[in-house]
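The block underneath contains the structure these notes are about, expressed in structure tokens.
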Amino acid sequence: MPEKEQGSFQAASNNVNFPEQEQSILEFWKKNDIYKRSLEQRSDQQRYVFFEGPPTANGKPHPGHCLTRAIKDLFPRYKTMQGFLCERKAGWDTHGLPVEVEVCKELGIHSKEDIEAYGVEPFIQKCQSSVWQYMQQWEQLTERLGFWVDLNKAYVTYHQSYVESVWWSLKSFFDRGLLYQGHKIIWWWAQGGTALSAGEVGQGYRTVKDPSVYVKFPLLDRENTSLLVWTTTPWTLPSNQFAAVNEDIQYATVYDAEQDHYLVFAADLVEKIATKMKRELEVKSTCSGKELVGLRYQPPFDYFYKTDGEKTGKLKSGETEPLAWRITSADFVTTDSGTGAVHEAPAFGEVDYELLVSEQARFEPGQGPDLICPVGPNGKFTNEVPDFEGQWVKDADKALTKKLKEENKLYLLEQYEHEYPFCWRADEDPLIQYPRRSWFVKTTEYKDKMLANNQEINWLPEHIKDGRFGNFLGSNVDWALSRERYWGTPLPIWVCQSTGQMEAVGSYDELLAKPGLTGTEVWDKAKAANPDLVDDLKVHKPYIDAITYDSPFESGARMNRVSEVIDCWYDSGAMPFAQWGYPHQGEEDFKQQFPADFISEALDQTRGWFYSQLAISTLLFSDDPEVKLPHPFENCIVLGLMLAEGHVCVKCQHRHMSTVKKCEKCGGKVQRKTEKMSKRLRNYSAPNEIFDTFGADALRWYFFANQPPWTSIIYSSRAIKESIPQFLLRLWNVYSFFVQYANIDGFDPSSVSNPQQLSAESLGSGKGYRPVEQRSELDRWIISELNRTTKTIVERMDNYDNYVACTTLSAFVDSLSNWYVRRSRDRFWAEDKEDTDKLDAYWTLLECLAATCKLAAPFVPFVTESIWQNLTGAFGADANTINSVHLCDYPHPDESKIDEALSRQMNLLREIASLGLSARMNEKLKVRQPLSGMTVVLNDPTDQAWLETHDALLKKELNVQEISYTTDAGDFVTYQVVPNFKLLGPRVGKLMPKVKAAFGAADGKAMLESLSLSGTATLEVEGESIELTADDVEVRLKANEGWAASQGTEAVVVLATELTPELIRGGLARDLVRLIQDYRKERDLERTDRIVLTVQTDSDDLKQAIQENKEYITSETLTAQLLDTSADGGGVEKEIGELKIQLDIEVAGHTSGGA
RNA sequence: GGUCGUGUAGCUCAGUUGGUUAGAGCGCGUCGCUGAUAACGACGAGGUCCCAAGUUCGAAUCUUGGCACGACCA
């Protein structure tokens, strides 16, 4: 932690503990209500609307939630700093099966019967309280991550106001005919009398053998001809309604001589079936499936056919058509197995049922075919199938098959091995697909509007729009809304017990106002008995079910609520209005905060929250002329999945918790492996562990800066740790450097006006401040870079591209650290505290740090806050002033300060420095060894004059005495001219390869001379002369062998490698300085201590080196007095290469100036 | 089986309307710097840009078809 020392700023440790620091920042935010202040500041500004997708509260938060919460925090923070008002209302998803399951586990019960036996009332009460079980963990994570969201005002899906909003929307649908009853085919456990969820079904698959039957469906209009139909569930044959073929498949009519009968089935399968029948099947003709559609047939059983066989209905097109027992087309039919003709019993198959629904849709309402279902919920045939009445359907397979055989309708019978689901609780009970009455929202009627709405949404990544989400919308089916469960929003529909007519209720008050109402006393009693009961429960089962009233449809009859609750996805999808209780209350809030500017969740929400919101909103608001597309959200970042990193032994598969090289068990090699996050494998660390070890900023920065958010993100503490030095630590080091020297020099910025913002303008009043234009080039350069960076970041963030924004910011901090500060160190060490150049350096660095803080604040809110407070703390702000970077305005780029030419030139300079180092490296000439000279050969002389003014810088960086520039250094380099493909390509077209060859053969130097003299050059290709300008040619230099040279894209750098004795002595002097500095450190000298230095050596070279470089040595090491003694003195023995040397240091005094 | 996505260095990933020398970080190796120092820098090795065909003067990039992996759906 910073300790107070003399100077304007608190000392910044260069061994910072981020997690500890973050804790104190959290306290500061809390104590001063910074989040609230950040909103109050913008109270009259334009809104930026954010919707929080409600997490399910009754489960522990895991690392994936850190990512969503980090992204959800980033953009609201950014927009707030930009001046928008962005309120962030939290929300919790509280209903649904997962909650019931959790409570059942606790109670040790399973089935619905168990729940009924336990009592719905206490069960619901347990559900309600169970929801909040992990709330503390959620709130802790939210806060620790720095996710600013209003937890106190959170919306909760079980709250009465929320439920009533949902009711209102459902009433609207009901009244508009968009909410209807139909059938849903579900996996049904007949013996237990309950449906199973997808997850439960998935657990129970087993490989079993079932009969596979090929049945003849005699075609009515074709004599002695049958469609050959295949099924593995003979028990569904009595319920047959259609036979389906694929329009695009070819069908053959074959002749079976043995039976003297014609059969129609897929042409591709003739051979296969002939083999199975062990007989010849002669193909008489073929046709496409399309030609078969519409043909009528006689079903194998006539339980329904005998009465309804001739029934027809009126199509929407005006024609009439038989209701059933005809061939239809379905594209799910394939020739992979069976016959290419599929038996359809819509009651017992989901796709079959969809086929029925689409058939029904062709007819006028009420005219289409009804569902045939002669099987009871107990899985036994009803009296509609008298021959098999009371038989369990699976058991009836045999008898049915026998009957078919007797009636000569069975063509082939075999056994078929496949995966089939059984009940996971009673594993002898096979499940069957079975229709249940269910409520649907007619989303298909608004499909086109949903698609249009989708088109207006800005999806990130873009392919979601027309890919995953668009496709999902395109194949939209009506939303099966109801659930036969307990803990959920009750479906607000009451039925007349006498007429069966229904009406929807839009609010609790509306219900209470119904005539002859009774039943509210059930709730009143419960509440009286237990005053702690949450009032919201009164709109839930079982209390709401007790409420009945007089039927408006028939006098004397009563209205009872239907028993179902609704899908909890509907709850969350209703949040855009239900979070405010709209329209019963919160109208103002809703109008102001709809639609959302921004939402974000992970990819798994495509069919979840993204869809439920869009569907509900489209059905509810699309007809309102005031609601414009898109709604309910405009920008949506779809996050990738989060993966973990395992450490697995190649040999024995033993798992390790962290990166180790050798297996603990067998000593084998341990490899990193990207895999799914798994609680069981424990292949990830808890978020808290990350927070405690590396800090929330580290985690956030890792998420934001390492990949675009929609790719899958690997959550590994190793990777998170590695991301720290790149940015956080580098920024901290620059900051700590600044504070260190500002304090030494007593740099005092307190005269600045408006220190709360520390903007470039406000700094102008500072003491010793000079406008940027008057400062040195390095200062102008970094300020230019700062503004360039700001421009890019704002541009990218406005496009929701946090990744490139981070990359850009990181590159700037790198420039600041590794070029600006590095090149400016001398200036900070300058003796004269009032030196203009020195003050310029401080003001420049201060401006850069302040701006970087503000730029980075939304990404890494903790470290920026800490730096900011110390930077601004220097301005003599009193204790009552609240300084927070999060109350600042986001920087705007000042384009007038962007100097593109300077930027290019500085890059060139950096490249040359880099090339110089590279050449030194190749020649093994360490930087401490001075060299006499260096020649720079430029591709392009444009910036030569500029570079020449920076000789001093390069000389120092590369330790050379002279630098010369040339564009003509034939000895060192070869000129290669290459075509500018981008320009010449379109011009010469197919000649390009020849042109390229001609370039290769041409005399590059001559061509360049011609270009520089006349501005043009001519190239002869295939008898054509091609006129070239300078733009058409790119010059590349290639360093020749035998020189200490390095080549880059813009230049070649050649070093003079001869070492004169004098140069060698210069090197010795530098070696000596290094030794002295080391020794000073060893002796724990203050960096400002002046010394008396004693050097004793036998080497004449070294003695001469000291003599020649006395000035340099003493000033570098703050030596007040240099004693050269040949007598044996005290001190330590050191070595420079082979040379022995004895050093001694005494402190001579203290200087308050820079080193 | 369908839809979508992904495939680039040992690992994790960039690669901006197609332009001939494909980049970063980490890791590895070599070295440098030495009062920002438990920091920092330079250099190096490492690539059939999944495969094939096509379009084009020119393809990591566009088209088609495969293959592999992943997600969702069935």
Side-chain angles (χ1 to χ4, degrees), chain A residues 12 14-15 198 331-332 334 336 350-351 461 463-464 466-472 474-475 602-604 606-607 640-641 643 645 659 671-674 676 705-708 710-714 716 718-719 721-723 725-726 729-730 732-741 744 803-804 807 810-811 817-819 821-822 825 828-829 913-922 924-928 957 959 978-996 1034 1036 1046-1049 1070 1073-1075 1077-1078 1080-1081 1085-1089 1116-1118 1154-1155:
Chain A
N14 45 32
N15 187 14
D331 49 19
F332 57 78
T334 66
D336 293 346
E350 209 175 332
V351 283
H463 61 74
I464 298 285
D466 294 315
R468 189 174 284 225
F469 195 73
N471 285 336
F472 178 61
S475 57
L603 188 64
D604 55 352
T606 313
R607 286 140 205 271
L641 290 168
L643 300 171
E645 186 179 78
T659 318
Q671 268 186 348
R672 291 206 305 258
K673 195 176 144 197
T674 302
K676 281 187 190 176
N706 278 273
Q707 61 274 305
W710 44 83
T711 60
S712 53
I713 292 173
I714 295 162
S716 97
R718 180 193 57 82
K721 183 186 179 183
E722 279 169 4
S723 79
Q726 277 304 309
L729 210 51
R730 194 172 271 161
W732 187 266
N733 282 333
V734 174
Y735 156 71
S736 129
F737 175 93
F738 171 83
V739 167
Q740 201 171 67
Y741 286 97
I744 288 173
Y803 173 66
V804 173
T807 314
S810 195
S817 171
N818 287 324
W819 196 247
V821 170
R822 189 179 160 82
R825 275 188 289 205
F828 292 103
W829 297 334
S914 180
L915 289 171
L917 288 170
S918 165
R920 268 185 173 276
M921 181 86 179
N922 294 336
K924 298 216 182 302
L925 290 165
K926 58 187 179 181
V927 179
R928 246 175 291 156
E957 179 75 7
N959 198 14
V978 285
N980 179 340
F981 287 93
K982 211 168 181 173
L983 273 178
L984 280 177
R987 232 173 81 194
V988 305
K990 295 201 188 221
L991 266 175
M992 202 61 217
K994 300 258 162 61
V995 172
K996 188 184 173 185
E1034 272 172 30
R1036 287 196 191 130
S1046 236
Q1047 75 181 69
T1049 53
R1070 278 186 70 146
V1073 167
R1074 155 117 197 256
L1075 276 187
Q1077 303 286 36
D1078 270 354
R1080 282 180 64 115
K1081 241 193 291 181
L1085 263 62
E1086 288 296 318
R1087 59 192 62 174
T1088 49
D1089 284 343
E1116 283 293 308
T1117 58
L1118 286 187

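Basis for what follows: all heavy atoms, side chains included, without hydrogens, waters or symmetry-related copies. Predicted model only: the values in this text are computed from it and were never measured. First the proteins, then the strands, lettered A, B, ... as listed; each starts at 1.
- Across all strands shown, A:E722 has heavy atoms under 4.0 Å from sugar-phosphate atoms exclusively, and none from any base.
- Taking the C1' atoms as reference points, B:rU56 lies 25 Å from B:rG7, given to the whole Å.
- In the set B:rC57, B:rC13, B:rA36, the nucleotide with an atom closest to the side chain of A:S712 is B:rC13.
- One finds no side-chain N or O of A:R718 lying less than 4.0 angstrom from the OP1 or OP2 phosphate oxygen of B:rU12.
- Partner assigned to B:rG5 is B:rC69, using Watson-Crick or G-U wobble distances below 3.5 angstrom.
- Candidate nucleotides B:rU34, B:rA36, B:rU20 were compared by shortest atom distance to the side chain of A:R825, and B:rA36 ranks first.
- No engagement by A:N980 is indicated, since no non-hydrogen atom pair under 4.0 Å with the nucleic acid exists.
- For A:K721, the salt bridge (charged side-chain N to carboxylate O under 4.0 Å, His left out) criterion is met by no residue, not counting sequence neighbours.
- When distances are taken from the side chain of A:R730 to each of B:rC4, B:rG41, B:rG19, the shortest belongs to B:rG41.
- Heavy atoms of A:R928 sit under 4.0 angstrom from primed sugar atoms or phosphate atoms, though from no base atom.
- Across all strands shown, B:rC31 pairs with B:rG41; the Watson-Crick or G-U wobble distances both stay below 3.5 Å.
- Across all strands shown, B:rG25 forms a Watson-Crick or G-U wobble pair, both distances under 3.5 Å, with B:rC11.
- Checking B:rG32, B:rA14, B:rA36 against the side-chain heavy atoms of A:K926 singles out B:rG32 as nearest.
- Closest to the side chain of A:S914, out of B:rA14, B:rA39, B:rA42, is B:rA42.
- Nucleotide B:rG18 forms a pair with no other nucleotide shown, judged by Watson-Crick or G-U wobble geometry with both contacts under 3.5 Å.
- Computed from coordinates, the A:W819 CH2 to B:rA36 P distance equals 17 Å when rounded to whole Å.
- Heavy atoms of A:V821 sit under 4.0 angstrom from at least one base atom.
- Residue contacts shown for A:P461 are absent, as no nucleic acid heavy atom lies under 4.0 Å away.
- Considering only the side chain of A:L917, B:rA42 comes nearest among B:rC4, B:rA42, B:rA36.
- For B:rG58, the OP1/OP2 oxygens have no side-chain nitrogen or oxygen of A:R987 closer than 4.0 Å.
- Phosphate contact (OP1/OP2 of B:rG25, side-chain N/O of A:Q726, threshold under 4.0 Å): absent.
- Contacts of A:R607 classified as salt bridge (charged side-chain N to carboxylate O under 4.0 Å, His left out), with partners at least two apart in sequence or in another chain: none.
- Note on A:K996: a base of the nucleic acid sits closer than 4.0 angstrom, heavy atoms only.
- The separation of B:rG58 from B:rG46, taken at their C1' atoms, amounts to 28 Å, rounded to a whole angstrom.
- At B:rG41, none of the side-chain N or O atoms of A:R822 fall inside 4.0 Å of OP1 or OP2 (strictly under the cut-off).
- Between the CG atom of A:L643 and the C1' atom of B:rU6 there is a distance of 12 Å, rounded to whole Å.
- Nucleotides B:rG44 and B:rA22 are separated by 14 Å at their P atoms, to the nearest Å.
- Under the Watson-Crick or G-U wobble criterion, with both distances below 3.5 Å, B:rA59 has no partner in any strand shown.
- Considering only side-chain N and O atoms, A:Y741 lies under 4.0 angstrom from the phosphate OP1 or OP2 of B:rA36.
- Side-chain proximity of A:D1078 to the nucleotides B:rU12, B:rA36, B:rU34 is greatest for B:rU34.
- Residue A:V988 is out of contact with every strand shown, counting any heavy-atom pair closer than 4.0 Å.
- When heavy atoms are screened at a 4.0 angstrom cut-off, A:S475 is found touching no nucleic acid atom at all.
- As rounded to the nearest Å, B:rG25 and B:rA68 have C1' atoms that lie 27 Å from one another.
- Nucleic acid contact class of A:I714 (heavy atoms, under 4.0 Å, all strands): sugar-phosphate only.
- Counting all heavy atoms, side chain and backbone alike, A:W819 lies closest to A:A913 at CH2-CB, 4.3 Å.
- Residue A:N818 has a polar side-chain atom (N or O) positioned under 4.0 Å from OP1 or OP2 of B:rG41.
- Listed here is the closest heavy atom pair of A:I714 and A:E645: CG2-CB, 4.2 Å.
- Across all strands shown, A:T711 has heavy atoms under 4.0 Å from sugar-phosphate atoms exclusively, and none from any base.
- Each of B:rC43, B:rU20, B:rC33 was ranked by its minimum atom distance to the side chain of A:S918; first place goes to B:rC43.
- Without hydrogens or angle criteria, A:N980 side chain to A:E1034 main chain gives no donor-acceptor distance under 3.5 Å.
- No N or O donor and acceptor, one from the side chain of A:K990 and one from the base of B:rU56, sit under 3.5 Å apart.
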Study note, to complete from the structure: With B for base contact, S for sugar-phosphate-only contact and - for none (protein heavy atoms under 4.0 Å), nucleotides 64-74 of chain B reads -------BSS-
Practice item. Please test A:Q1077 against A:R1080 for side-chain contact (heavy atoms from CB on, under 4.5 Å), starting from the C-alpha separation and ending with a verdict. Key: CA-CA 5 Å; A:Q1077 303 286 36; A:R1080 282 180 64 115; 3.5 Å; yes
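- Nucleotide B:rA52: paired with B:rU64 (Watson-Crick or G-U wobble, both distances less than 3.5 Å).
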